[in-house]
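In what follows, every chain begins at residue 1, and chains take the letters A, B, ... in the order their sequences are listed.
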Amino acid sequence: MATSKDLADLIFPDVKETTKDLDKRFPPRNLPEGAEVTRFAPSPTGFLHTGSLFTAMVAHKFAKETHGIYFFRLEDTDQKREIAGTGMDLVKQLKRFGIVADEGYCGDHEEGQYGPYVQSERGDIYKIVIKELIKKGRAYPCFCTKDDLDQLRLVQEANKVIPGYYGEYAKCRHYTIDEEIEMIKAGKPYVIRFKSKGNHLNHIKVHDEIRGDMDLTENDQDIVILKSDGLPTYHFAHLVDDHYMGTTLVTRGEEWISSLPIHIELFEAMGWKHPKYAHLPVIMINDKDTGNKRKLSKRKDPEAATSFFLKAGYPIQGFIEYLMTIANSNFEAWLMANPKGNMDDFNLSFDKFSLDGALFDLPKLNNISKELLANMDKDTFTAQAEEWAKDYDPELYGYITSDKAKFERIINIEREQEKPRKDYERFSDVTPKIRFFYNDQYDKMLKAAKLPFNEFITPEIIKAFLNDFVATLDLTHDESTWFNDMKTLGVKHGFANDRKVYKANPSQYNGWYADCISLIRIAISTSAQAPKLYDVLEILGKDEIARRINEVVATL
RNA sequence: GGCCCGAUCGACAAGCGGCUUAAGUCUUAGCCCUCUCAAGGCUACAUUCGCGGGUCCGAAUCCCGCUCGGGUCACCA
């Protein structure tokens, strides 16, 4: 009678090493007390998902905080869904958000002693562990076809029993080793399944760092651990990789909670200690059609792709800060107390995590982003705007690169002060707001638009006032002197120099000084809204102001 | 449907049995200030914590049931 060792040798004749060899190959890490080893382990199936970035950020942050290790592992075990090149993209995208791994897959190479960090290259390691599991009688070949499985499911549904491959329904677990060997020798295709000892009537207590003790049902499913293509399934790869890579803390989305019992049993079967788990809330969005909350969807929601926010011009730091407010409710208070603080000084903690998924809130992101942009010094702002514009806004990129000093003067209006202007929520807001500063653009705008002059002021008055303005303009005066000049000029042209005076007798005046100043603003910018006029005038310079005013007067 | 997780303002949330006639931030609305705008200042917006029961002198806070929302039930991760 054949033994399980015979079966294991038949299936993996070339595998000579054992887990003892693996223990030597991947010795325990030499890390200080309390240091956490965390990881980000995506599949190369597309762009960087906002939820993935959230998870990666949290993993990265915990490793940094505890002076541990954060590594990147590529989970490319699903060849059907894999999209070539996306592994590299993921690394690059993460880097843009400031998340760089201490070790692991780097796109074109690997760093670290616990690799390979790409699962498709770890075949030998998985096989060693599986061979051992077979020898122990905790794994077996399953010859069921897709049809067999479909059939089984139908029967189970009809009988209203829990679907799946377990217990009496796990047909292949009941074969004798001789039968198994015979079928393998006959060339029947098979997968390897884990042989569960659990019972779904039992409950197990599992600790989650965020949720505390959870009461879960014990696993009894004989899950597939090695697929017919020779690659492991997620559950099994998680077991092997996180064990041998020395992961101490697994951070992942809460959708994994239901498979936790599988993972727990897998670790027990190997006699290994499982890592700590922290199941993170998933970022939600309101479905436009149903109005219900649901997970951010790769297919339906543009917000699911981090590139969406990059393209939209959100500063990277702002997006990260928003994600942090979702992660820890006390982060926002910290941010307000430390507006210029380094995020590394904030300690992320599990007990401040919310238990249910936050609704993605664009207005909140906008607000955080606006605050951040307003409080940036002009050099940082310019540098980041340039980086963004290079990829997404050629017009802006042109402004910045052709005359950086001018651009900096423009965006520095009312910046770098106690209560700075808050004009921009994102870098994409910049171009439309500063366009009029550029002469050729101004000319185009002047041609295209009807100037929004107050219709109660006659063209004659406007003309006379503007002409006089140009004739008497003196930008060598300081702002308050200049402002008084304007009031005086206004009075000369029938504008009251005091609001109350005007209000008391509106018919006596053409308006008050706000109205005449508005004429200048409109003439030089084509818009009734612009930052402080004096600053704008200074940047444009006397000649250009005169040119613009003359152009406008000519059209009246 | 089974199992699991969760439930405080429109959103994010504080709250951990008496200090809560429920913080703060965003949004929204109004007022003030202001050369326009962006801001800034002030004010308003949950008599109530999904619902119903209990425990207790006392509950948003503990327990039970219901309801609702989410997740999961693959040779996908």
Which one is paired to B:A7, where only Watson-Crick or G-U wobble pairs with both distances under 3.5 angstrom count?
B:U67
Short heteroatom pairs, N/O only, protein and nucleotides 60-70 of chain B, under 3.5 Å:
from	atom 1	to	atom 2	distance (Å)
B:G70	OP1	A:K293	O	2.8

Using ring centroids (six-membered ring only for Trp), state whether A:F346 and A:W334 fall under 6.0 Å.
yes
Need one value for A:T77: base, sugar-phosphate or nothing, where a base atom within 4.0 Å counts as base even if backbone is also close, heavy atoms only.
sugar-phosphate
Among the nucleotides B:G71, B:A14, B:C12, which one has an atom lying closest to any side-chain atom of A:A358?
B:C12
Given B:A77, B:A13, B:C3, identify the nucleotide with an atom nearest to the side chain of A:S329.
B:A13
NA contact type, A:A333, heavy-atom cut-off 4.0 Å: base, sugar-phosphate, or nothing?
nothing
Complementary nucleotide of B:C31, counting Watson-Crick and G-U pairs under 3.5 Å
B:G41
Contact class for A:Y424 (heavy atom, under 4.0 Å): base, sugar-phosphate, or nothing?
nothing
Report yes or no: is there a donor-acceptor pair, N or O only, under 3.5 Å between the side chain of A:R421 and the base of B:C37?
yes
Nearest 0.5 angstrom please: A:M57 CE to A:I326 CD1, how far?
8.0 Å
May I ask you to decide if the ring planes of A:Y513 and A:F483 are parallel, tilted or perpendicular, using 30° and 60° as cut-offs?
perpendicular
Which part of the nucleic acid, if any, lies within reach of A:S228 when heavy atoms closer than 4.0 Å are counted: base, sugar-phosphate only, or nothing?
base
Check if the side chain of A:K364 and the base of B:U25 share a donor-acceptor pair of N or O atoms closer than 3.5 Å.
yes
Could you measure between the two P atoms, the one in B:G6 and the one in B:C62, and give it in whole Å?
12 Å
Heavy-atom nearest pair, A:C144 first then A:Y165, reads SG-OH, 3.2 Å
Using a 4.0 Å heavy-atom cut-off across all strands, classify A:Y234 as base, sugar-phosphate, or nothing.
base
What does A:K160 touch in the nucleic acid at a heavy-atom separation under 4.0 angstrom: a base, only the sugar-phosphate, or nothing?
nothing
Using atom P in both nucleotides, what's the gap between B:C56 and B:U20 to the nearest angstrom?
26 Å
Below 4.0 Å: OP1/OP2 of B:C37 and any side-chain N or O of A:K422
no
Give the nucleotide from the list B:A13, B:C35, B:U27 with an atom nearest to the side chain of A:N367.
B:U27
Do the side chains of A:R138 and A:E265 get close enough for a salt bridge, i.e. N-O under 4.0 angstrom?
yes
So what does A:Q417 hit on the nucleic acid, given a heavy-atom distance under 4.0 Å: a base, only sugar-phosphate, or nothing?
nothing
So does A:D150 pair up with A:K146, basic N to acidic O under 4.0 Å?
yes
Send over the distance from A:D361 CG to B:A11 C1', rounded to a whole Å.
5 Å
Between A:R73 and A:Q119, is a side-chain contact (heavy atoms from CB on, under 4.5 Å) present by the stated rule, with each step listed?
CA-CA 8 Å; A:R73 179 172 72 227; A:Q119 289 182 334; 3.7 Å; yes
Which residue, A:Y117, A:Y105, A:F72, forms the ring-ring contact (aromatic ring centres under 6.0 Å, His included) with A:F40?
A:F72
What's the gap between B:C19 and B:G10 when it is taken at their P atoms, as a whole Å value?
24 Å
Pi-cation contact, A:F236 with A:K227 (under 6.0 Å, within 45°)
no
Considering only side-chain heavy atoms of A:K227, which listed nucleotide, B:G71, B:A39, B:C76, is closest?
B:C76
Side-chain donor or acceptor of A:R193 under 3.5 Å from a matching atom on the base of B:C75?
no
Expressed as a whole number of Å, how far does the C1' atom of B:U61 sit from that of B:A11?
23 Å
Just call it for A:V224: base, sugar-phosphate, or nothing, with non-hydrogen atoms closer than 4.0 Å on any strand.
sugar-phosphate
Name the nucleic acid region contacted by A:P531, choosing base, sugar-phosphate or nothing; use a 4.0 angstrom heavy-atom cut-off, strictly under.
base
Base, sugar-phosphate alone, or nothing: which one does A:P261 contact when heavy atoms must sit under 4.0 Å apart?
nothing
May I ask you to decide if the ring planes of A:W256 and A:H235 are parallel, tilted or perpendicular, using 30° and 60° as cut-offs?
perpendicular
Earlier contact from the 5' end, RNA chain B, for A:L355 and A:L359:
A:L355
Give me the distances for all protein-to-nucleotides 30-33 of chain B N/O pairs that come in under 3.5 Å?
none

In whole angstrom, give me the gap between the C1' atoms of B:A44 and B:U67.
33 Å
Nearest to the side chain of A:D423 - B:C4, B:A38, B:A77?
B:A38
Among the candidates B:A38, B:A77, B:U72, find the nucleotide nearest to the side-chain atoms of A:S258.
B:U72
For a quick check of understanding: with a heavy-atom distance under 4.0 Å over all strands, which category does A:M486 fall into, base, sugar-phosphate or nothing?
nothing
Roughly how many Å apart are B:C75 and B:G70, using the C1' atom of each and rounding to a whole number?
28 Å
Here's a test of your reading of the structure: between A:D215 and A:L365, which maps to the more 5' nucleotide of RNA chain B?
A:D215
Is the shortest side-chain N/O distance from A:K352 to OP1 or OP2 of B:C16 below 4.0 Å?
no
Check step by step if side-chain contact (heavy atoms from CB on, under 4.5 Å) holds for A:F381 and A:L372.
CA-CA 10 Å; A:F381 185 97; A:L372 181 74; over 6 Å; no
Using only side-chain N and O atoms of A:T325, determine if any of them is under 4.0 Å from OP1 or OP2 of B:C12.
no
Between B:C16 and B:U21, how far apart are the two P atoms, rounded to whole Å?
13 Å
Sole residue of A:K532, A:R409, A:R421, A:K378 in salt bridge (Lys or Arg N to Asp or Glu O under 4.0 Å) with A:E414:
A:R421
Out of B:U36, B:U27, B:A77, which nucleotide sits closest to the side chain of A:S43?
B:A77
Nearest to the A:A514 side chain among B:A77, B:C35, B:A39, which nucleotide is it?
B:C35
Select one nucleotide: of B:A38, B:C5, B:G24, the one nearest the side-chain heavy atoms of A:R211.
B:C5
Pick the C1' atom in B:C49 and in B:C57, then give their distance to the nearest Å.
22 Å
Classify A:T45 by what it touches in the nucleic acid, base, sugar-phosphate, or nothing, heavy-atom distance under 4.0 Å.
nothing
Distance, rounded to the nearest Å, where A:H235 contributes NE2 and B:C76 contributes P:
10 Å
Look at all strands and tell whether A:H49 reaches a base, only sugar-phosphate, or nothing, counting heavy atoms closer than 4.0 Å.
nothing
Point-to-point distance, once rounded to the nearest 0.5 Å, from OG1 of A:T526 to CZ of A:R521
12.5 Å
Suppose we define a pair by two distances each less than 3.5 Å, Watson-Crick or G-U wobble; what does B:C62 pair with here?
B:G54
Can the ring centroids of A:Y322 and A:F360 be said to lie less than 6.0 angstrom from one another?
yes
Applying the Watson-Crick and G-U wobble criteria at under 3.5 Å, what pairs with B:C12? Answer none if nothing qualifies.
B:G24
